[in-house]
Amino acid sequence: MRCVRLLVLVAFGGLGGCASAGTPKPAPTAVAPPAAASASPLTPLVGTQWVAEDISDRGVVDSVQSTLHVDSTSKVSGSGGCNRYNGAARTQSGTLMFGPIQTTRMACPEAVMKQEGLYFEALVGARAVEIDGDTLYFLDVTGSRSVRFTKMAAPPTP
């Protein structure tokens with residue numbers, strides 16, 4: 001796509017440079033804007049909340065919830081299990097990227113911290129998502145499922 005835009009600009013530059021002093025320059029031709037970027041893979045998830053059921057094929061600690069809330073197509077937040085987090089989400093060359101991620105800095109029992117570490121590694125390592133009904137998967141760079149989430153019920157409206 002970039003080459004096409006470059007060629008169009010060169011072509012317009014060439015037309016302007018070839019006009020003689022006595023010949024009026026042609027009116028600029030409108031060039032259609034580049035095609036809109038494909039929708040973010042997070043678009044269908046905006047406003048939803050998810051709880052991790054499995055992280056890196058190691059399960060999860062029963063009483064600990066690692067969660068994902070998709071605030072918008074460019075912002076996520078949740079809990080790693082111990083600490084709250086928020087961060088950016090973007091699509092680059094068709095690949096989903098999370099980060100930078102900001103977290104609180106509380107200490108929790110070792111098992112909880114280990115799960116949280118695995119969750120944050122999977123979050124920043126995710127390159128795509130897969131949705132199957134009320135199940136969401138993070139896919140890593142190899143296309144393997146790194147986290148399996150279940151959709152959380154929406155909070156009741158007042």
Side-chain angles (χ1 to χ4, degrees), residues 1-11 30-158:
M1 207 51 145
R2 182 169 285 177
C3 290
V4 172
R5 279 187 254 148
L6 179 60
L7 291 175
V8 170
L9 292 175
V10 169
V31 177
S38 60
S40 166
L42 296 180
T43 300
L45 304 176
V46 172
T48 60
Q49 294 188 61
W50 304 83
V51 62
E53 299 289 344
D54 183 72
I55 303 170
S56 302
D57 292 327
R58 297 181 187 200
V60 293
V61 177
D62 286 338
S63 61
V64 178
Q65 290 193 330
S66 297
T67 63
L68 172 73
H69 180 242
V70 182
D71 303 316
S72 71
T73 58
S74 62
K75 297 200 183 295
V76 294
S77 61
S79 172
C82 178
N83 290 284
R84 303 276 313 145
Y85 72 91
N86 62 61
R90 65 190 185 287
T91 305
Q92 183 175 337
S93 301
T95 302
L96 178 64
M97 308 278 272
F98 291 104
I101 302 294
Q102 300 171 336
T103 69
T104 56
R105 301 274 182 184
M106 298 186 305
C108 290
E110 185 178 342
V112 176
M113 296 306 293
K114 187 172 187 168
Q115 176 176 309
E116 181 169 276
L118 290 171
Y119 177 73
F120 286 143
E121 284 177 23
L123 177 66
V124 298
R127 294 296 175 259
V129 296
E130 181 179 272
I131 306 164
D132 183 10
D134 285 345
T135 304
L136 168 70
Y137 299 95
F138 279 168
L139 305 178
D140 65 17
V141 70
T142 68
S144 297
R145 294 173 172 172
S146 58
V147 180
R148 177 176 44 88
F149 295 92
T150 299
K151 190 172 189 178
M152 297 172 70
T157 54

Leu118 versus Arg58, closest heavy-atom pair with distance: CD1-CD, 3.6 Å
Any donor-acceptor N/O pair, Arg90 side chain to Gly99 backbone, under 3.5 Å: yes
Pairwise distance CZ(Arg145) to OG1(Thr135) - rounded to 0.5 angstrom: 9.0 Å
Non-hydrogen side-chain atoms of Glu110 and Met113 separated by less than 4.5 Å: no
Minimum side-chain heavy-atom gap Val147-Leu68 below 4.5 Å: no
Side chain to side chain contact (heavy atoms under 4.5 Å, CB included) involving Thr48 - partner list, sequence neighbours excluded: Leu45, Trp50, Val70, Lys151
Inter-residue atom distance Gln65.CD - Glu53.CD, 0.5 Å rounding: 8.5 Å
Heavy-atom closest pair, residues Val76 and Asp71: C-OD2, 3.5 Å
Shortest non-hydrogen separation from Gly80 to Ser66 and the atoms involved: O-OG, 2.7 Å
Check: Thr95 side chain, Arg127 main-chain N or O, donor-acceptor pair, under 3.5 Å: no
Euclidean distance, Met106 CE relative to Asn83 CG, rounded to 0.5 Å: 5.0 Å
For Gly81 against Val64, the heavy-atom pair lying closest together: CA-CG1, 3.4 Å
Side-chain donor or acceptor of Thr67 paired with backbone N/O of Ser79 under 3.5 Å: yes
Ring geometry between Phe149 and Tyr119 (parallel below 30°, tilted from 30 to 60°, perpendicular above 60°): perpendicular
Ser146 versus Asp140, closest heavy-atom pair with distance: OG-N, 4.4 Å
Side chains of Gln115 and Val60 in contact at under 4.5 Å (non-hydrogen atoms): yes
Taking every non-hydrogen atom, the tightest pair across Asp54 and Gly59: OD1-N, 2.8 Å
Thr103: side chain to side chain donor-acceptor pair (under 3.5 Å) partners, not counting sequence neighbours: none
Check: Asp134 side chain, Thr150 main-chain N or O, donor-acceptor pair, under 3.5 Å: no
